[in-house]
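Chain A is the first sequence line, chain B the second, and so forth, proteins listed ahead of strands; every chain is numbered from 1.
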2 protein chains.
Amino acid sequence: MILPLHLTISEQLRDRILSGGYRSGDRLPSEHQLMAEFAVSRITARRAISNLTQQGLVTVKRGKGVFVATQQKVTYSLSNPMVFLEADLDRQGVKVGIQTLVFEAVAVPSEVAAILKCSIVYLQKKILLFNGIPGCVDVTYILPKLGAAYESELRQHMTFTTLERHGIEIDKIDATISCTQADYETSAQLEVTLGHPLIVYRHTAYNQDNCAIVHGESISRGDRFCYSAQIVR
Amino acid sequence: MILPLHLTISEQLRDRILSGGYRSGDRLPSEHQLMAEFAVSRITARRAISNLTQQGLVTVKRGKGVFVATQQKVTYSLSNPMVFLEADLDRQGVKVGIQTLVFEAVAVPSEVAAILKCSIVYLQKKILLFNGIPGCVDVTYILPKLGAAYESELRQHMTFTTLERHGIEIDKIDATISCTQADYETSAQLEVTLGHPLIVYRHTAYNQDNCAIVHGESISRGDRFCYSAQIVR
DNA sequence: CAGTGGTCTAGACCACTTG
DNA sequence: AAGTGGTCTAGACCACTGC
């Protein structure tokens with residue numbers, strides 16, 4: 001089994017990283033140094049580095065160099081009983097900031113129409129900052145009555161926290177977790193490379209009358225975020 | 001805001017895909033056609049295609065061309081009450097096949113020692129096939145007594161299904177869901193590109209006495225798999 | 001065989017970072 | 001100014017696909 005040059009180089013660098021030869025935060029050899037060390041062209045050296053960034057092992061800083069990535073994940077519990085994001089992260093010492101990009105009434109998109117029985121809904125797009133660093137893009141559709149009533153508060157706080165504060169209780173959340181790859185827009189918002197893995201948490205919240213009142217999608221950086229659950233018989 | 005050439009090209013192709021100009025399964029223009037259409041070098045054309053594959057929008061087939069990817073995800077329910085993978089997927093019309101790569105007694109790795117109170121455990125590495133196509137790499141550590149007793153059956157069936165069939169009931173599962181990017185080995189096993197997003201389901205199963213009996217990690221293709229949950233107050 | 005993508009080279013210019 | 005990575009070109013050879 002013969003590997004392409006760029007792969008043999010990136011695998012060799014990977015071994016050095018995983019074995020501790022290069023530690024977390026260390027600078028890797030520059031492109032020129034790699035060209036000399038492995039006697040390859042610049043494109044091949046760059047391809048090797050690209051292989052490593054695609055595996056999330058290193059991050060590249062323009063004008064500075066290539067550095068071994070450091071991983072530390074924040075956990076959000078899906079377990080019953082229900083816990084809200086802000087409270088859960090606060091326990092882990094993470095402060096959540098909110099930067100609302102869009103808050104407006106829109107015609108309900110067709111995918112959402114079957115869930116929220118409405119023709120007009122409020123659409124909110126926001127970026128969540130974890131300790132000041134962008135970590136999540138959230139798109140939420142809210143029933144018009146609720147969106148209109150609590151707009152100023154919704155703009156600055158998490159949706160569920162706001163609703164609960166006004167006595168609107170969430171009784172049940174249906175959720176799916178999947179993953180995708182960052183498109184250009186999202187990659188810019190979350191400050192990651194194109195194609196960076198993202199965790200998608202798609203949810204629908206119901207009130208006590210089993211009416212869907214909120215539907216949305218939270219797209220978080222896969223390298224910074226994970227979900228936990230406890231399942232019982 | 002000026003974008004690099006390769007990005008303007010890939011964004012333009014992306015629009016054509018999302019708007020339906022190119023449909024699912026269609027062939028995109030070849031590298032040479034892109035070079036002509038956008039008057040760029042081959043490297044730039046290739047970079048544009050690479051941007052699309054990194055977003056999971058297209059797949060490349062050597063000697064044939066570049067094709068718009070088709071997405072269809074299989075869902076695994078995390079919700080209570082507990083449902084096992086085989087039963088859950090069977091309901092969705094997906095047949096699960098198992099290809100065991102490793103099944104052997106090993107010294108317990110340090111990360112696992114705190115969970116399974118043992119010095120020797122059975123390690124099983126297997127690939128799960130969904131309707132014959134590789135979709136998941138599973139690494140499981142099993143208490144030695146159980147691994148030895150049911151080896152032949154464990155090799156060919158899902159762990160929990162086998163244990164339940166022998167009266168060993170799982171009472172609780174602690175799980176986390178995160179995502180990563182395929183390294184070279186995993187990318188070869190799951191037939192994806194380096195860096196492909198993967199969903200990691202890390203779990204510990206406990207019996208009625210609240211003893212951990214199984215600990216493991218299922219790494220699934222992010223483009224084929226997702227998890228669902230229902231959370232109640 | 002022609003057409004496709006995969007790998008690789010040498011060399012150029014630009015933008016950002018640091019001293 | 002020197003060093004870093006980012007973009008881009010032109011051109012070569014190879015391996016796989018299908019006719």
Side-chain angles (χ1 to χ4, degrees), chain A residues 1-13 17 22 25-69 182 184 187-188 191-196, chain B residues 1-13 17 22 25-69 182 184 187-188 191-196:
Chain A
M1 183 70 184
I2 189 139
L3 291 183
L5 245 182
H6 63 83
L7 249 181
T8 67
I9 296 172
S10 62
E11 283 291 287
Q12 202 163 325
L13 294 172
I17 293 170
Y22 298 131
D26 281 3
R27 224 198 72 186
L28 257 61
S30 73
E31 294 179 354
H32 278 89
Q33 290 170 322
L34 289 179
M35 289 168 70
E37 178 174 354
F38 295 97
V40 294
S41 74
R42 190 166 167 223
I43 287 197
T44 306
R46 282 176 63 73
R47 177 75 191 265
I49 292 170
S50 160
N51 289 342
L52 296 174
T53 62
Q54 279 187 33
Q55 294 173 72
L57 290 168
V58 302
T59 55
V60 174
K61 288 174 187 162
R62 193 197 186 98
K64 291 177 143 181
V66 180
F67 300 84
V68 179
Y184 173 66
S187 72
E191 299 173 9
V192 295
T193 57
L194 198 64
H196 188 92
Chain B
M1 183 69 183
I2 188 139
L3 292 184
L5 247 183
H6 62 83
L7 249 181
T8 66
I9 296 172
S10 62
E11 283 291 289
Q12 203 163 323
L13 294 173
I17 293 170
Y22 298 130
D26 280 5
R27 225 198 72 186
L28 257 62
S30 72
E31 293 179 354
H32 277 90
Q33 289 171 323
L34 289 179
M35 289 168 70
E37 178 174 353
F38 295 97
V40 295
S41 73
R42 190 168 165 220
I43 286 194
T44 306
R46 282 176 63 74
R47 177 74 191 266
I49 293 171
S50 159
N51 289 343
L52 297 175
T53 63
Q54 278 184 37
Q55 293 173 73
L57 291 169
V58 302
T59 55
V60 175
K61 289 176 187 161
R62 192 197 186 102
K64 289 177 146 182
V66 179
F67 300 84
V68 179
Y184 173 65
S187 72
E191 299 173 7
V192 296
T193 57
L194 199 66
H196 188 92

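- Contacts of Gln33(A) classified as side-chain contact (heavy atoms from CB on, under 4.5 Å), with partners at least two apart in sequence or in another chain: Arg27(A), Pro29(A), Ser30(A).
- Note on the helix from dC1(C)-dG18(D) to dT18(C)-dA1(D): angle between the axes of the first and last five pairs equals 10°, rounded to 10 degrees.
- Partners of Thr193(B) by side-chain contact (heavy atoms from CB on, under 4.5 Å), not counting sequence neighbours, listed by chain and number: His196(B).
- Sorted by first then second residue, the side chain to side chain donor-acceptor pair (under 3.5 Å) pairs that include residues 56-65 of chain A, not counting sequence neighbours, number zero.
- Following rounding to the nearest Å, Met35(A) (CE) and dA12(C) (P) show an atom-to-atom distance of 12 Å.
- Taking the side-chain contact (heavy atoms from CB on, under 4.5 Å) definition, one finds that Val40(A) meets it with Leu5(A), Ile9(A), Phe38(A), Thr44(A), Ala45(A), sequence neighbours left out.
- Qualifying side-chain hydrogen bond (donor to acceptor under 3.5 Å, both in side chains) partners for Gln55(A), counting only residues two or more places apart in sequence or in other chains: Arg14(A).
- Not a single salt bridge (Lys or Arg N to Asp or Glu O under 4.0 Å) links Arg47(A) to another residue, sequence neighbours left out.
- With sequence neighbours excluded, the residues satisfying side-chain hydrogen bond (donor to acceptor under 3.5 Å, both in side chains) with Glu37(B) are Arg16(B).
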Footprint string (nucleotides 1-11 of chain D, 5' to 3'): B base within contact, S backbone only, - free, heavy atoms under 4.0 Å: --BBBBBSBB-
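- Between Gln54(A) atom CD and Leu194(A) atom CG the span is 10.0 Å, to the nearest 0.5 Å.
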